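Counting starts at 1 for both ligands and their atoms, following the listed order. The structure presented is a predicted model; accordingly, all values stated were derived computationally and were not measured.
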Amino acid sequence: MQFGHFDDEAREYVITTPHTPYPWINYLGAQDFFGLVSHMGGGYCFYRDAKMRRLTRYRYNNIPVDDGGRYFSINDGGDVWSPSYRPYKTELDRFETRHGMGYTRITGARGGVEASVLLFVPVDINAEIHQVTLTNTSDAAKSLQLFSFIEFCLWNAEDDQTNYQRNLNIGEVEVEDGAIYHKTEYRERRDHYAVYGVNAPVAGFDTDRDSFLGYGNGFDEAVVPHTGKATNSVASGWYPIGSHQLSVELEPGESKQFTFVLGYLENAADDKWEAPSVVNKKGGRELLAHFATNEATDAEFAKLNAYWDNLLGSYMVESGDDKLNRMVNIWNQYQCMVTYNMSRSASYFETGIGRGMGFRDSNQDLLGFVHLVPERARERIIDIASTQFEDGSAYHQYQPLTKRGNNAIGSGFNDDPLWLIAGVAAYIKETGDFAILDESVPFDNDESKATSLMDHLKRSFDHPLHNMGPHGLPLIGRADWNDCLNLNCFSTTPGESFQTTENQAGGVAESVFIAGMFCAIGPDYAALARRRGDEAEASRAEAAVSAMKQAVVDHGWDGAWFRRAYDYYGNVVGGDENAEAKIWIEPQGYCIMGGVGLEDGKAIQALDSVRERLNTPHGIVLLNPAFTEYHVELGEVSSYPPGYKENAGIFCHNNPWIIIAETIVGRNEYAWEYYKQITPAYREEISEVHRLEPYVYAQMIAGKDAQRHGEAKNSWLTGTASWNFVTVSQYLLGVRPDYDGLVVDPCIGAEVGEFTVRRQVRGATYEIHVTNSGSGRASLTVDGEPIEGNHVPYAPAGATVKVEARV
Ligand code: GLC
Ligand code: GLC
């Protein structure tokens with residue numbers, strides 16, 4: 001069943017009913033100011049940090065789900081409704097929400113009035129725009145009252161939800177010319193305020209929630225829209241809100257447009273006041289003046305669209321498969337951008353007050369983002385590397401506002417260091433900017449300890465070598481990629497965090513997965529060293545990688561698949577001898593990506609085991625059989641009920657590793673089948689099962705052991721976005737940047753037939769036309785000349801190169 005459809009021409013998903021199985025959301029903003037918006041207008045916005053600078057309030061875990069947002073109410077002769085359906089749930093004659101690239105347009109119609117709200121964050125402006133268009137579609141004149149509504153958050157979203165003894169006293173606003181200024185805590189240490197204004201004369205306003213809703217009422221019972229008369233309330237403590245009333249007269253067929261602006265402004269500490277206790281509103285007034293006309297709003301919207309045209313232009317495919325085209329050209333890249341910006345902070349499953357930027361997450365996010373805005377990727381790399389320690393380990397997370405490592409979480413996740421090499425290598429392949437390796441980068445943000453980025457990579461590379469266990473495999477530490485494989489944690493206290501609790505000093509628990517990573521990512525470190533003329537270091541690295549491969553073969557192979565780990569006692573994790581969780585997905589993918597088992601059949605055998613034991617029509621589960629009991633020596637992974645999350649859920653993040661592995665061994669049909677299983681556009685028709693947005697990946701789909709097999713959770717912010725983009729663009733379609741040329745190596749199902757990829761890299765454009773039989777390696781001609789191998793040398797900036805590939 002579907003709840004809407006794709007409009008690829010407009011780059012939109014069109015939701016045609018409010019009654020989706022869950023709120024289906026979109027993100028606004030691409031630089032510093034961000035909003036989350038559901039198809040019913042729910043959500044909130046913030047400046048840079050969803051915890052520390054939240055502008056509007058949202059209640060997670062509330063009933064009904066998704067309550068609170070930007071609500072526009074219309075009173076049409078006593079009939080009160082909202083184009084977003086929520087909050088009143090008044091039936092609409094027509095409902096449509098279009099989620100596009102950085103904007104959402106919600107349209108509702110009732111009783112001869114159509115109301116449409118366009119929400120977006122303009123490029124380089126710290127504000128959310130709500131452009132409302134009202135049209136009289138009836139044949140009689142209409143006299144309407146329009147009310148806006150947002151609820152202010154008192155900036156720190158965590159404190160806002162917990163510290164009522166203070167917070168219910170501190171709310172303050174000012175109102176000037178119908179514009180509402182939110183200034184809670186401005187009198188003391190904050191130098192920022194918010195403004196909510198509109199480019200039309202207001203008939204009234206409200207800034208006190210109880211006055212607007214009526215004490216004890218829900219959003220759906222708001223008194224003011226029902227009486228049709230704002231009360232001009234000025235909040236003093238309690239709950240500040242922003243609401244305007246506009247009286248709108250419409251002739252038959254007439255439309256009127258209003259631009260509401262919700263902005264974030266900062267003042268210098270010595271320039272905060274324009275009179276005693278009166279906020280210096282210069283910035284706010286200028287912002288509102290900028291949007292004084294609807295044409296100005298249209299121009300900003302056009303800028304936003306141009307911004308996305310430009311971003312999405314660097315990788316485009318044209319094939320006969322619309323679902324493939326729309327994922328590659330539009331939605332997967334879009335999700336990569338959002339994930340890159342948000343890390344794992346703010347979604348409908350992440351409250352924005354929990355996690356900062358993850359070291360491993362951000363490095364992996366780079367892989368799918370780097371082609372979009374390489375300059376920003378460069379900056380991010382330096383930020384991430386600055387949170388590394390001298391021994392190569394790293395803070396597991398850092399805060400985006402301060403860029404400081406997060407002490408509460410600390411370090412000790414032993415996969416972290418290697419991801420930095422992966423991120424930097426991807427950046428250099430994309431840009432050719434080897435100079436980044438000479439950048440001076442601090443350890444733990446301490447400039448006195450700065451050294452070159454290349455030296456950081458060396459420490460990353462050496463970290464697993466300096467932390468080896470008894471089998472010559474890397475020690476796992478707190479966890480590796482699988483945050484829930486906590487082999488040294490032994491937690492028996494309810495509520496204790498598996499990731500941060502005191503670990504037992506072991507020196508035994510090893511990760512076959514990190515070994516696989518080392519084999520896959522280590523060669524990039526060697527390649528970088530060689531390119532810098534350090535042949536000795538390159539050979540040392542290559543020798544270490546060979547030794548690691550041997551250790552995997554000797555101690556990581558179980559007979560028909562790769563083992564997962566050795567636990568605290570040196571027992572096998574992920575072997576046939578285990579009663580539960582005999583086989584895990586992660587090492588099957590990464591060991592093969594690291595080249596283990598390609599010559600002796602182990603790779604194929606491991607992938608056959610994956611197919612037999614882990615694959616389902618909804619994707620490949622993380623492990624099998626699922627844990628049915630808690631294993632204190634394994635940690636959080638065994639804490640989840642069977643089939644959910646890391647306990648045998650379909651973790652969409654690592655399905656791509658298997659897909660890549662299948663392309664490496666040349667089994668294109670399996671690779672293609674696995675891709676389609678988890679890719680949202682291919683799941684659109686089963687939206688009632690999948691339940692989350694059919695345009696973006698979710699972190700997890702419930703596995704075969706779960707009651708709700710096939711149901712997705714945690715959409716949007718997941719490494720799934722970047723890994724699937726890497727997989728489809730670089731391995732299935734097969735166009736991937738290398739240090740000196742573009743590799744063209746398509747490995748995709750026969751069903752896709754011929755296709756063309758247009759790739760812009762380092763200023764040149766490559767038009768790659770592929771005739772695809774679905775098996776075998778490509779033979780290439782470049783500008784009509786046959787070449788050996790699959791490397792198309794980089795052309796000078798400005799050039800267009802035509803490549804013909806026959807598979
Ligand atoms: C979450 C985390 C990621 C981790 C994964 C597996 O997605 O953000 O860091 O690798 O779970 O546990
Ligand atoms: C939980 C989740 C995991 C996530 C981690 C973040 O362990 O299962 O997916 O990465 O929390 O700390």
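Looking only at heavy atoms of the protein, atom 12 (O) of ligand 2 is closest to Gln499 OE1, 3.5 Å. Among all protein heavy atoms, the one lying closest to atom 9 (O) of ligand 1 is Asp361 OD1, 2.6 Å. In terms of protein heavy atoms, atom 4 (C) of ligand 1 is closest to Trp481 O, 3.2 Å.
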Quiz item: Run the side chain to side chain contact (heavy atoms under 4.5 Å, CB included) check on Val573 and Tyr566 step by step: do they pass?
Solution: CA-CA 5 Å; Val573 178; Tyr566 286 91; over 6 Å; no

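Near Lys645, with a cut-off below 4.0 Å to any heavy atom, the atoms of ligand 2 are 2 (C), 3 (C), 8 (O), 9 (O). Contact atoms of ligand 2 toward Asp483: 4 (C), 5 (C), 6 (C), 10 (O), 12 (O) (distance under 4.0 Å to a heavy atom of the residue). Residue Glu636 approaches ligand 2 through these ligand atoms, each under 4.0 Å from one of its heavy atoms: 1 (C), 7 (O), 8 (O).
Considering only non-hydrogen atoms, atom 6 (C) of ligand 1 lies nearest to Glu646 out of Gln364, His396, Glu350, Glu646.
Figure legend: Arg611 and Tyr670 shown as a cation-pi pair, the cationic atom lying under 6.0 angstrom from the six-membered ring centre and within 45 degrees of its axis. In this structure, Arg48 forms no cation-pi arrangement with Phe34, as its terminal cationic atom is not both closer than 6.0 Å to the ring centre and no more than 45° off the ring axis.
Contacts with ligand 1 closer than 4.0 Å are made by side-chain heavy atoms of Gln699 only, the backbone lying farther away. For Tyr640, every heavy-atom contact with ligand 2 shorter than 4.0 Å involves the side chain, none the backbone.
Among the candidates Tyr44, Tyr27, Tyr22, Tyr58, the single residue satisfying the ring pair (Phe, Tyr, Trp, His ring centres under 6.0 Å) test with Tyr348 is Tyr58.
His396 and Asp416 are linked by a side-chain donor-acceptor pair at a separation below 3.5 angstrom, with hydrogens and angles left out of the test. In the model, Asn406 has a side-chain atom that pairs as donor or acceptor with a side-chain atom of Gln399 under 3.5 Å.
Residues Gln730 and Arg736 come closest through the heavy atom pair O-NH1, 3.0 Å.
Using a 4.0 Å cutoff on heavy atoms, Asn482 counts as a contact of ligand 1.
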